[in-house]
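Take a look at the structure below.
Predicted, not measured: the structure shown is a model, and the values here were computed from it. Below, read A as the first sequence line, B as the second, and so on, with proteins coming before strands; counting in each chain starts at 1. Atom set for the values below is all heavy atoms of this structure, side chains included, hydrogens, waters and symmetry mates excluded.
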Amino acid sequence: MSSAEINKNEVDIVIGALNADLTQFLTSWRPFFSGFHLIVVKDPELKEELNIPEGFDVDVYSKTDMEKVVGASNSTMFSGYSCRYFGYLISKKKYIVSIDDDCVPAKDPKGFLVDAVTQHVTNLENPATPLFFNTLYDPYREGADFVRGYPFSLRSGVPCAASCGLWLNLADLDAPTQALKTEQRNTSYVDAVMTVPAKAMLPISGINIAFNRELVGPALVPALRLAGEGKVRWETLEDVWCGMCLKHISDHLGYGVKTGLPYVWRNERGDAVESLRKKWEGMKLMEKSVPFFESLKLPETALKVEDCVIELAKAVKEQLGSDDPAFTQAADAMVKWIQLWNSVNSSS
Amino acid sequence: MAGYNLEGIKAAPLKDDVDIVIPTIRSLDFLEQWRPFLQHYHLIIVQDGDPSIKIKVPEGYDYELYNRNDINRILGPRANCISYKDGGCRCFGFMVSKKKYIYTIDDDCFVAKDPSGKEINVIAQHIKNLETPSTPHYFNTLYDPFREGTDFVRGYPFSLREGVQTAISHGLWLNIPDYDAPTQLVKPRERNTRYVDAVMTIPKGVLYPMCGMNLAFNRELVGPAMYFGLMGEGQPISRYDDMWAGWAAKVVCDQLGFGVKTGLPYLWHSKASNPFVNLKKEHKGLHWQEDMVPFFQNLCLSKESDTAAKCYMEISKMTKEKLTKVDPYFEKLADAMVTWIEAWEELNPPVKNEAFVGA
């Protein structure tokens, strides 16, 4: 894959700070973050001052900044893991790369550190191929191509909306799974990027993700909040819900979503068994969400991302609202998010 | 690689449940290299081309061999549905087999090594793929969740974690990749050197180009859908045999609730066929696939089609209805599809407890 020509001016690296001390995190990412503009958004519920090492081109946003931009009542939308969405909102760049603050660069099988930023941007800059599955995975990658039997009319691909990376060491498993397999760590480096086919649903993780903000920015919605949402990924589904909306809207608008490389190394944090003690309402919400998204058809007239989100919110309220108040809240949050997006980005 | 525990397999796994189908016109010397993995399996050799040529099978292999005369004798007038002078003739082997699983491999494919240098036991991997569930209803970002060392990711619905029965296991190739002629002509030196250490399920409703070089399937579940079409001599098209079977079989799998996997195992594909010859052979296919693919993508089978054979009969009707306008070849093909099913059912009379709708 030609990764030489990344235009750093087109990228914002958005980091949600759930931990005050970002020294280890930023120091380990320095080789790959340097030259890029960073947006660090502090979880409004985090009391301590952030500790950020020198030498980065970084803008830090805290609760006060959020309230200035979106008002005090709306800043609750950006608490916990959702704080990063504030960064998405105020960014002016084409591409966003977002990595959880407990991840460091991974090593590939040859022992080289993986430049996750460049890989993500390369994924976003090359077309996606959601309409037909290529058995050699990413056809635009060096050393690969479309295989025999792949229709030529589909070989130009479509714009890539999102790049979903993966994790070595602590994979993004849910609490019951990790609690059952306490010792399990992901050691398998699968050397592939691929487009997730259109209409196929997948769990999109927010731990290591990048997207084309110009294309689909408003579709990354900070909406679904678990009642007992916590500060470890086992206790949240905000990114999973966001991902379901994003994939559905991307499919509707004819964009692609890629998954696979790059890997990051996810450090040990939290205790899956401990997280299990909380009522696992997320499971129930997921079970209800799946048939909803499966059968959902956005109207043909929804041609802009913002309109898609509004239509989606309507459908959520109508079809899922009565199942659980979390869905009604999510629908309202999605509408509010679009209002905020439009008002903050009205000049663009 | 780690995670499938193939090293633990000493003897040939499920050797009484597998037939290995090999189409050939030249020699079977390639089987010498495969001895450690394939010697204990029963082979069905389908000899294409001149039936008077004697094909030598390496010592120690247990096999049955069918040449064109045998095909004509066994199928009678129905023999015209089996391609001549094309690898598509291999599906005759699927039809005469009585086993649960088929593995088919091309005679220019050899044992590959994984990145650790270990030789890859393709048959053990295919069997593992076929014997573990697929997950076509929701994509798992860590690929095969049943592989040791991995699992379903956060957000994967619990109600879908049982998976469904796997019907097809599509393996890949190192060295000479399966490119079409135009790509071969533009990239004559390209070799596939990338070992992607994953098996994954192709989502429901999604089509893919199925290559017959390194392919295994559950014959009881989808056998009737694995018809490799009318190709080769006397036909306007070649090198679309496995494509046609793959698209039809995927539609059938989606209808019946079975899964299709792709990825591991890799083998080493040694021979690049002549791209100019290939271009002539597949030339019509390059144009027709623009119609064939949307045809399969838009196929809606009726609820009554609850077995692979019934699905396939319905597909043959639709082929005649919708593709004849592309070329009269498709009318011939549709008829051949019916002939195939008739022949299949004659050689494989339905049993009382035959599997139909998948888990």
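Judged as a side chain to side chain donor-acceptor pair (under 3.5 Å), and not counting sequence neighbours, the contacts of A/Asn208 are A/His120. In terms of the side chain to side chain donor-acceptor pair (under 3.5 Å) criterion, residue partners of A/Asp145 (sequence neighbours excluded) are, by chain and number, B/Lys187.
Among B/Met210, B/His170, B/Gln184, the residue with the largest count of heavy-atom pairs under 4.5 Å with chain A is B/His170. Here B/Tyr138 is the residue among B/Tyr138, B/Trp173, B/Tyr143 with the most heavy-atom pairs under 4.5 Å with chain A. Contact tally against chain B (heavy-atom pairs below 4.5 Å) for A/Ala144, A/Pro109, A/Ser205: the top residue is A/Ala144. Among the candidates A/Leu154, A/Val196, A/Leu166, A/Leu237, the residue making the largest number of heavy-atom pairs closer than 4.5 Å to chain B is A/Leu166. Ranked by non-hydrogen atom pairs under 4.5 Å with chain B, the options A/Glu294, A/Arg233, A/Lys181 are led by A/Arg233. Counting heavy-atom pairs closer than 4.5 Å to chain A, the top-ranked of the candidates B/Asn278, B/Asn140, B/Leu286, B/Asp242 is B/Asp242. When each of A/Ala200, A/Pro176, A/Gly143 is scored by its heavy-atom pairs under 4.5 Å with chain B, the top score falls to A/Gly143. Heavy-atom pairs under 4.5 Å with chain B were tallied for A/Phe133, A/Tyr150, A/Trp234, A/Trp241; the largest tally goes to A/Phe133. Taking B/Leu207, B/Leu160, B/Val206 one by one and counting their heavy-atom pairs under 4.5 Å with chain A, the maximum is reached by B/Leu207. Options B/His137, B/Glu290, B/Glu282 differ in how many heavy-atom pairs under 4.5 Å they form with chain A, and the most are formed by B/Glu290.
Contacts of B/Arg239 with chain A are made by both backbone and side-chain atoms, with heavy-atom separations under 4.5 Å. Of the atoms belonging to A/Ala198, it is backbone heavy atoms, and not side-chain ones, that fall under 4.5 Å from chain B. In this structure, chain B has no heavy atom under 4.5 Å from any part of A/Pro130. Heavy atoms closer than 4.5 Å to chain A are found in the side chain of B/Pro203, but not in its backbone. Interface residue A/Thr135: backbone and side-chain heavy atoms are both found under 4.5 Å from chain B. Residue A/Leu285: no heavy atom, backbone or side chain, is found under 4.5 Å from chain B. The part of A/Ala171 that comes within reach of chain B is its side chain, from C-beta onward, which places non-hydrogen atoms under 4.5 angstrom from that chain. Contact of B/Thr183 with chain A is made through the side chain alone, with heavy-atom distances under 4.5 Å. Heavy-atom distances place the side chain of B/Pro182, and not its backbone, under 4.5 Å from chain A. Heavy-atom distances place both the backbone and the side chain of A/Val147 under 4.5 Å from chain B. Interface remark: A/Leu173 contributes backbone and side-chain atoms alike to the contact with chain B (heavy atom separation under 4.5 Å). Heavy atoms closer than 4.5 Å to chain A are found nowhere in B/Arg189, neither backbone nor side chain. Looking at A/Trp167, only its side chain comes within 4.5 Å of chain B, counting heavy atoms on both sides. Only the side chain of A/Met286 has a heavy atom closer than 4.5 Å to any heavy atom of chain B. Residue A/Thr187: no heavy atom, backbone or side chain, is found under 4.5 Å from chain B. B/Met292 does not touch chain A: none of its heavy atoms, backbone or side chain, sits under 4.5 Å away.
Separating the NZ atom in A/Lys284 from the CZ atom in B/Phe158 is a distance of 13.0 Å, to the nearest 0.5 Å. Note that OH of A/Tyr137 is 5.5 Å distant from OG1 of B/Thr262, once rounded to the nearest 0.5 Å. If you take OG1 on B/Thr150 and CG on A/Asn186, they are separated by 5.5 Å, rounding to the nearest 0.5 Å. B/Glu148 contributes atom CD, which lies 12.5 Å from atom OG of A/Ser188 (distance to the nearest 0.5 angstrom).
Side chains of B/Pro177 and A/Leu136 form a contact here, defined as non-hydrogen atoms less than 4.5 Å apart.
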Would you please test A/Met194 and B/Val196 for side-chain contact (heavy atoms from CB on, under 4.5 Å) and show each step? CA-CA 11 Å; A/Met194 67 195 75; B/Val196 178; 5.6 Å; no
Step-by-step side-chain contact (heavy atoms from CB on, under 4.5 Å) determination, A/Val190 to B/Met200: CA-CA 11 Å; A/Val190 178; B/Met200 64 197 77; 5.8 Å; no
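When A/Thr236, A/Asp174, A/Asp172 are each tested for a side-chain hydrogen bond (donor to acceptor under 3.5 Å, both in side chains) with B/Arg154, only one passes: A/Asp172.
One finds no salt bridge joining B/Asp254 and A/Lys199 here, because no Lys/Arg side-chain nitrogen approaches an Asp/Glu carboxylate oxygen to under 4.0 Å.
Listed here is the closest heavy atom pair of A/Pro203 and B/Val153: CG-CG2, 3.4 Å.
Between the B/Gln297 side chain and the A/Phe132 main chain, no donor and acceptor come within less than 3.5 Å of each other.
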